[in-house]
Visitor: 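Handing you this structure, nothing more for now.
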Amino acid sequence: MIVLGIETSCDETGVGIYDSERGLVAHRLFSQVALHEPFGGVVPELASRDHIRKLLPLVEAALADAGLRGTSLTAVAYTAGPGLIGALLVGATLGVGLAMTWGVPAIPVHHMEAHLLAPMMENNAPEFPLIALLVSGGHTMLVDVRGVGDYRVLGETLDDAAGEAFDKTAKLLGLPYPGGPELAKLAEHGDTAKYRFPRPMMQRPGLDFSFSGLKTAVMLKVRELEANGSLGDSAGADAIRADLASSFQAAVVDTLVGKSLRALDQTGYQRLIVAGGVGANRSLRRQLESKLESRGGCVYYPGNEYCTDNGAMIAYAGLQSLKTGFPADQFPGDYTVHARARWELGQPLSA
Amino acid sequence: MSAFACLAIEASTQVLSVAACHGNRSGNIEDNAGREPSRRVFQLVQRVLAEVDLDPQALDCVAFGCGPGSFTGVRVAAAAAQSIAWGAGVPVCRVSGLHALAGVALERHDAKHIAVCLDARMGEAYIAVYHRAGRAELTPEIDDRLVDPAACLIPGTQSLFAAGPGWDAYPEFYQRHSQRFTGIDTDLWPSAAPMLAIAERMFRDGKTVNAADALPNYIRDKVT
């Protein structure tokens, strides 16, 4: 079985082809970071306009990379949500249209399901059941994964996503868009204990997250430091920025690690997978690895390039959907275009 | 001559419209799609293709309404056209939605110069003037553009037929030209049906594009 995967839910145009025999046979990605950089955030209409320009050429290139013709595909999978509706519609319409023309099934994929299945593409794929920590610019959630298609959301963010907090804090520190990875780089040179920022929701039971209070705490500290002249162009300002970045990152990482361990305790599982853009954060990985090792557990990640949005994980998730049979509200030969800005993980598409 | 096999998709307004021709058969389905123009687009495509007994692989080309109009709707039509054309290995005709609207007006009214107007929202309008050249052939006299209806004067002195809902949206724009109008029909929308004839001429004249270049013509480019 060979599945073409299409991802256009936000600011990356991604195409992947996954073969059940040979694994991933093509992977193409175009990032719109430079397009949105002048605006300091993703402009939805510009994102949609870029997807319609880039997507078909990427599909062509991916098929050429794999040495395949469209007619040799088993199915076309596409991200149906959640995400920016205009952006989703480009990939969904193009994907369903290709499937109809080739006479193969069109498979709507949940973006977060694809993220949490991405580590399964690796050689040392974990077995079920497991806990998935999904952390990106748009999402922060802990999921009890008992098998493909069997998901229970244990907790999620009540306000900002972790990656969003990274990006906003980076902007506050004057780092270039999309700040998150830049902030993490800067944090490597700072003192994690210099400033004591709150570990939001850690004192409360449960597995939900909240990052807007932390973001505000950093903002207040930055204002204070600006007011007393410590920031700006003064000597030593770079070191202070590094300390701020490091202390902020430590607060986020402590929270993510603490809640992940709590989820493992609650379920009794030993395996944790981490996916989404923030999953590439080195400090988060170091801490999770040491904590899991000390309790005899193990942590798994997708390959670095499959942490952020990509088409390969959509193709893989589509393949799993094919193998396990379609959910009752979809069937092969139904060429309805599914696109939903909001879609709870684990809920049927038609809900 | 009429062995032309074509599929046309138009989604720039709330009326989703799909048409096809094959030999001497033709079909057209319109669907008031409301806020979800895309959801049913391929169900309409499959129905129309079945109606004219046409397999996608037997198409000569695919036409789509490239705008102006709803950005999302125009992209849905573009993505649908790209996918079917590329999957079938055939080229695409990019057809103006205003041209198609003028075509609808011509089917219903005896008109020579058709002034088309669509509400572009935000106090602006998309307009164009199409001229009936042959028996049923329209050529652009004033190209599709975005105007401020509070100030715009349509150049020229020829008598015009006012077509499209935009004339309802901006009555003072209509009043400013009322001397030149010989008739008006505001209950007209861009449709895929007249696109088939427009696409056939484009196809014969070699005015097609590759599937990957089947892109919208938004006209309004200021979006931030």
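Please read all numbers here as calculations on a predicted model, not as lab measurements. All chains are named by letter (A, B, ...) in the order of the sequence lines, taking the proteins before the strands, and each is independently numbered beginning at 1.
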Visitor: So, A:Glu45 and B:Arg75, do they make that salt bridge, N to O below 4.0 Å?
Guide: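 B:Arg75 and A:Glu45: salt-bridged.
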Visitor: Please look at A:Val96 and chain B and tell me whether the side chain, the backbone, both or neither of the residue comes under 4.5 angstrom of a heavy atom of that chain.
Guide: both
Visitor: Let me know if B:Ala214 has heavy atoms under 4.5 Å from chain A in its side chain, its backbone, both or neither.
Guide: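 Looking at B:Ala214, nothing touches chain A.
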Visitor: What part of B:Ile84 lies closer than 4.5 angstrom to a heavy atom of chain A: side chain, backbone, both or neither?
Guide: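 It is both, since atoms from each part get that close.
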Visitor: Could you tell me the separation between the CZ atom of B:Phe42 and the CG atom of A:Asp334, rounded to the nearest 0.5 Å?
Guide: 12.0 Å
Visitor: Within a strict 4.5 Å, meaning less than it, do heavy atoms of the A:Ser48 and B:Thr72 side chains meet?
Guide: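 Side-chain contact under 4.5 Å: no.
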Visitor: Give the minimum heavy-atom separation between B:Ala88 and A:Thr101, together with the two atoms involved.
Guide: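 In this case the closest contact between B:Ala88 and A:Thr101 is N-CG2, 3.8 Å.
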Visitor: Taking atom CZ as the centre, does B:Arg47 end up with more than 12 heavy-atom neighbours from other residues, nucleotides or ligands that are less than 6.0 angstrom away?
Guide: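 For B:Arg47, atom CZ is not crowded (no more than 12 foreign heavy atoms under 6.0 Å).
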Visitor: Contact between A:Leu98 and B:Gln82 at the side-chain level, heavy atoms closer than 4.5 Å - yes or no?
Guide: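 They are not in side-chain contact.
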Visitor: So for A:Leu63, is it side chain, backbone, both, or neither that comes closer than 4.5 Å to the heavy atoms of chain B?
Guide: side chain
Visitor: Taking all non-hydrogen atoms of both residues, which atom of B:Val76 and which atom of A:Thr93 are closest, and how far apart?
Guide: O-CG2, 3.5 Å
Visitor: Step by step, work out the salt bridge (Lys or Arg N to Asp or Glu O under 4.0 Å) result for A:Arg49 and B:Asp221.
Guide: CA-CA 10 Å; A:Arg49 288 187 176 199; B:Asp221 284 320; 3.0 Å; yes
Visitor: Apply side-chain contact (heavy atoms from CB on, under 4.5 Å) to the pair A:Thr336 and B:Arg40, showing each step before the final yes or no.
Guide: CA-CA 6 Å; A:Thr336 303; B:Arg40 289 183 297 275; over 6 Å; no
Visitor: Check whether any side-chain heavy atom of B:Val45 lies under 4.5 Å from a side-chain heavy atom of A:Tyr335, and answer yes or no.
Guide: no
Visitor: For B:Ser83 and A:Gly97, which heavy atoms make the closest approach, and how far apart are they?
Guide: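 The answer is OG-CA, 3.2 Å.
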